[in-house]
There are 2 protein chains.
Amino acid sequence: MRVSVGEQGKVAKKKAIGKTRKPEREEVPAGDNTKHTMRDVARLAGVSISTVSAVINGTPKVSPVRTQRVYEAMQSLDYQPDQIARSLKVGRSRTIGVVVPDITNAFYPEVIRGIEEAAHKSGYGVLLCDSNEDPAREKEHLSTLFSRRVDGVILACSDTSAAYDVLVARRFPLVFVDRIPKGVRQNAVSTNNIKAARMATRHLIDLGHKRIAVLAGDLNFSTHAERLEGFKRAMHQAGLDIPEAYLRSGNLQLEDGYEAGLELLKLKHPPTAVFASNNKLLVGLLRAVSEMHVPCPGKVSVLGFDDHVWNQHFNPRLTSVAQPTYDIGRCAFEMLLARMEDQPLPGKQWSSIMLLDAQLKIRESTAPPASDGRKS
Amino acid sequence: MRVSVGEQGKVAKKKAIGKTRKPEREEVPAGDNTKHTMRDVARLAGVSISTVSAVINGTPKVSPVRTQRVYEAMQSLDYQPDQIARSLKVGRSRTIGVVVPDITNAFYPEVIRGIEEAAHKSGYGVLLCDSNEDPAREKEHLSTLFSRRVDGVILACSDTSAAYDVLVARRFPLVFVDRIPKGVRQNAVSTNNIKAARMATRHLIDLGHKRIAVLAGDLNFSTHAERLEGFKRAMHQAGLDIPEAYLRSGNLQLEDGYEAGLELLKLKHPPTAVFASNNKLLVGLLRAVSEMHVPCPGKVSVLGFDDHVWNQHFNPRLTSVAQPTYDIGRCAFEMLLARMEDQPLPGKQWSSIMLLDAQLKIRESTAPPASDGRKS
DNA sequence: CTGTTAGCGCATTCAT
DNA sequence: ATGAATGCGCTAACAG
């Protein structure tokens, strides 16, 4: 179809030279499974190639007649503009990269969902990368993303050591989600972890608890450090102190939560409530509680961070802090979009870290402490 | 900086067009925040542009000296090849599209993980799309993926009506995962649902159960239809029959599982075991069981499809069918890769549907029926 | 081996 | 309002 130049006469001048097509072309059936270009459309519509471009982009005004003809041609050829070529030309790919440490952690799919929906609404594609909690892999991903010429990146980093902005911030717009590297003071969106943890802890305190332990996670991550900070503030404000044995930090895997839980429960003065700083820790803790047959919330109240479907169907139903995961994703994309399109930043907030409020879902795993915990 | 070519005002000769290069650009300023092209590298290395291309692609042999020089130049300029340009030239983007119905459903992140890892290992990027269980959205995604010139697509469809292959199979290589549309007999990978369901059901039967109910889900989806089929076969083989009231199908949301569970448990002859065909149904069922204070597994055994972290920490720990999610993703990519690169198919298997075996994780939610359920 | 050159498909001045 | 021409950055013949 496309090789039959010369028919229309007008275009068949020197143009034939540019088209050094060899007649090796096997016969093509009806132009069905063929990929068509703007030229094909132009020819069929009897207009120039730039007119086609014009109607596609709506740029200059094109007469209704020709517009119509072009549309019909596109239709009949089932023409789809080649975004690759377009990207090369305009220098923007309308694609963003999203790199997360572990898509298997239920927290991330939800923020990805927020990103994805907002992105597609704005015509952006999402290139997904999983760093598997491995800084080296993350770096590699960042590099290939750059090579693929993404317009921007949303990153939930897997590395606690900084140097992020030095590394890539100037290569393309970058916004951090969830975990925010030290030193970063803008282009980031996360949960207001301090506030959330404080609220959660206060809930425990209001219930009458005085001996509250915390499974704090890895304090090298901003998220966990902040949650502990919020916890401490609430405790301090209530005049309660935190025995060293009640403060467990370090790693953040399920097993860590399990072991820490076991040790906590075996203390001569066990806590009457435990706050777990993320979902994995929480599950581990729950397992310890269940294994030691400690009634919950009867003997120990349990409160966790991250709220998933399971939490409300667990037995007992779990009180937990629900992060605004979807909104984190959405906001992150919007922040990135503003940078990518150089929009005037609508307010100071955009040039600083954006903190979203979490919600405390009070269910059955938290209750007033047993009598021995209530005295004083 | 690189646009300072306009010395000649007008292009003198057509012949000179290709030679618009001017050696005016000698000093390489801190080549830091600038994007460099192969030309910059070539100039710095003192070689031709195609030599640079050659060392990058390793295509023809380049003398070690020049190779070295090129590498140094690339290094010092921090040069990253522009994949967009490359894609346009070679006609392949080294990108695949992945569209899932709901990334929030824990099943998909795991298969995505399998896809992602295999893809990156082969140098492919993954464009993620979430159709939100909406056929229209899915279609739209397929269309933009085509426009973005992905080399292939892995699709977990959200539409039960067929016409998939007619629609897109010839536009680009396509592999189905999980849900397989009716009529598709190749380019698909999924769990061997019939076998898995049969095995699970047999486990219940072996335990001594005779009154087994099933929450079958939406039978328009191949996955659910097959699971029911497997269930039926096992029952039939054991000479057990399935009262109509024990077979619940239709929708597959959590609430459906909850309501069905309630009704089942309220029957004059309630089942002694229930098989839930997916994770949401299972959670709903569990909730009903817990709410009615029916001891599990004491009074009713529960077995589910899909195995997530939570399952093994639930109380009681859940017996469930673990699908080979990661492998499904990995295999799907490999199947797609074979098609994209036109590799000779290693065996008939590739040209048919690939079914992976699931694993039955026996835990605590299944046990022999109570005495009143054991008689005949 | 190495350099020159012609486009890939599209957006965009700049002439009409 | 419309069309011819130019090049985005790169690869692949084809020359030398």
Side-chain angles (χ1 to χ4, degrees), chain A residues 2 8 10-22 24 35-43 45-67 69-70 79-94 147-149, chain B residues 2-3 5-6 8-21 35-43 45-67 69-70 79-94 147-149:
Chain A
R2 73 213 305 189
Q8 306 282 340
K10 38 212 314 203
V11 273
K13 300 271 305 185
K14 64 229 279 190
K15 220 51 208 144
I17 296 175
K19 261 231 158 233
T20 49
R21 259 286 190 285
K22 295 181 179 166
E24 48 171 79
K35 279 185 190 166
H36 295 286
T37 78
M38 273 185 30
R39 261 233 287 286
D40 302 317
V41 177
R43 193 168 311 157
V47 300
S48 87
I49 199 174
S50 53
T51 300
V52 177
S53 174
V55 346
I56 288 178
N57 299 312
T59 336
K61 265 312 184 196
V62 176
S63 72
V65 211
R66 304 175 96 98
T67 302
R69 283 227 302 274
V70 169
Y79 168 75
Q80 306 265 156
D82 185 329
Q83 296 298 342
I84 299 268
R86 179 172 214 286
S87 295
L88 178 61
K89 182 62 189 170
V90 304
R92 308 190 325 125
S93 61
R94 283 204 160 253
S147 206
R148 283 173 179 282
R149 297 296 187 262
Chain B
R2 56 157 73 103
V3 288
V5 194
Q8 313 206 346
K10 48 156 174 117
V11 186
K13 301 244 178 205
K14 314 187 52 116
K15 235 43 201 148
I17 295 177
K19 252 221 156 285
T20 45
R21 251 188 303 291
K35 277 188 190 165
H36 296 286
T37 80
M38 273 185 27
R39 263 230 292 283
D40 301 318
V41 177
R43 194 169 310 159
V47 301
S48 88
I49 196 173
S50 58
T51 300
V52 177
S53 174
V55 344
I56 289 178
N57 299 312
T59 338
K61 266 309 185 196
V62 176
S63 73
V65 213
R66 302 174 95 96
T67 302
R69 283 227 302 276
V70 169
Y79 168 75
Q80 306 266 156
D82 184 329
Q83 296 299 342
I84 298 268
R86 178 172 214 285
S87 294
L88 177 61
K89 181 61 188 172
V90 304
R92 307 190 327 124
S93 61
R94 283 203 161 254
S147 205
R148 284 172 179 283
R149 296 299 187 263

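So you know, we letter chains A, B, ... as the sequences are listed, proteins then strands, and number each from 1. Worth saying up front: this structure is predicted, and the values here are computed from it rather than measured.
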Asks: Tell me every residue that passes salt bridge (Lys or Arg N to Asp or Glu O under 4.0 Å) with A:Arg86, counting only those two or more places apart in sequence or in another chain.
Replies: none

Asks: Report the residues that fulfil side-chain hydrogen bond (donor to acceptor under 3.5 Å, both in side chains) with B:Arg148, sequence neighbours left out, ordered by chain and then residue number.
Replies: A:Thr95

Asks: Any side-chain N or O of B:Thr51 under 4.0 Å from OP1/OP2 of C:dG3?
Replies: yes

Asks: Go through the structure and list residues passing side-chain hydrogen bond (donor to acceptor under 3.5 Å, both in side chains) with B:Ser48, not counting sequence neighbours.
Replies: B:Ser50, B:Thr51

Asks: How close or far is atom C1' of C:dC1 from atom NZ of B:Lys61, stated in whole angstroms?
Replies: 12 Å

Asks: Could you tell me if the side chain of A:Ile84 sits less than 4.5 Å from the side chain of A:Leu88, heavy atoms only?
Replies: no

Asks: With respect to the phosphate group of D:dA1, does any side-chain polar atom (N or O) of A:Arg66 fall under 4.0 Å of OP1 or OP2?
Replies: no

Asks: Can you list the residues that meet the side chain to side chain contact (heavy atoms under 4.5 Å, CB included) rule with B:Arg69, with sequence neighbours excluded?
Replies: B:Ala45, B:Val47

Asks: Taking five pairs at each end, how big is the angle between the two axes of the helix from C:dC1-D:dG16 to C:dT16-D:dA1, to 10°?
Replies: 40°

Asks: Summarise protein proximity over nucleotides 10-16 of chain C in one line of letters, 5' to 3': B for base, S for sugar-phosphate only, - for none, counting protein heavy atoms closer than 4.0 Å.
Replies: BBB----

Asks: Could you tell me how far apart A:Leu88 (CG) and D:dG7 (P) are, to the nearest whole angstrom?
Replies: 14 Å

Asks: Quick one: salt bridge (Lys or Arg N to Asp or Glu O under 4.0 Å) partners of B:Arg149, sequence neighbours excluded?
Replies: A:Asp82

Asks: Could you state the atom-to-atom distance from CZ of A:Arg92 to C1' of D:dG9 in whole Å?
Replies: 18 Å

Asks: Kindly say if A:Ser87 contacts the phosphate of D:dC8, meaning a side-chain N or O under 4.0 Å from OP1 or OP2.
Replies: no

Asks: Which value, rounded to the nearest 0.5 Å, describes the distance between B:Ser147 atom OG and A:Gln83 atom CD?
Replies: 4.0 Å

Asks: Between the side chain of B:Thr67 and the main-chain N/O of B:Val62, is any donor-acceptor distance below 3.5 Å?
Replies: yes

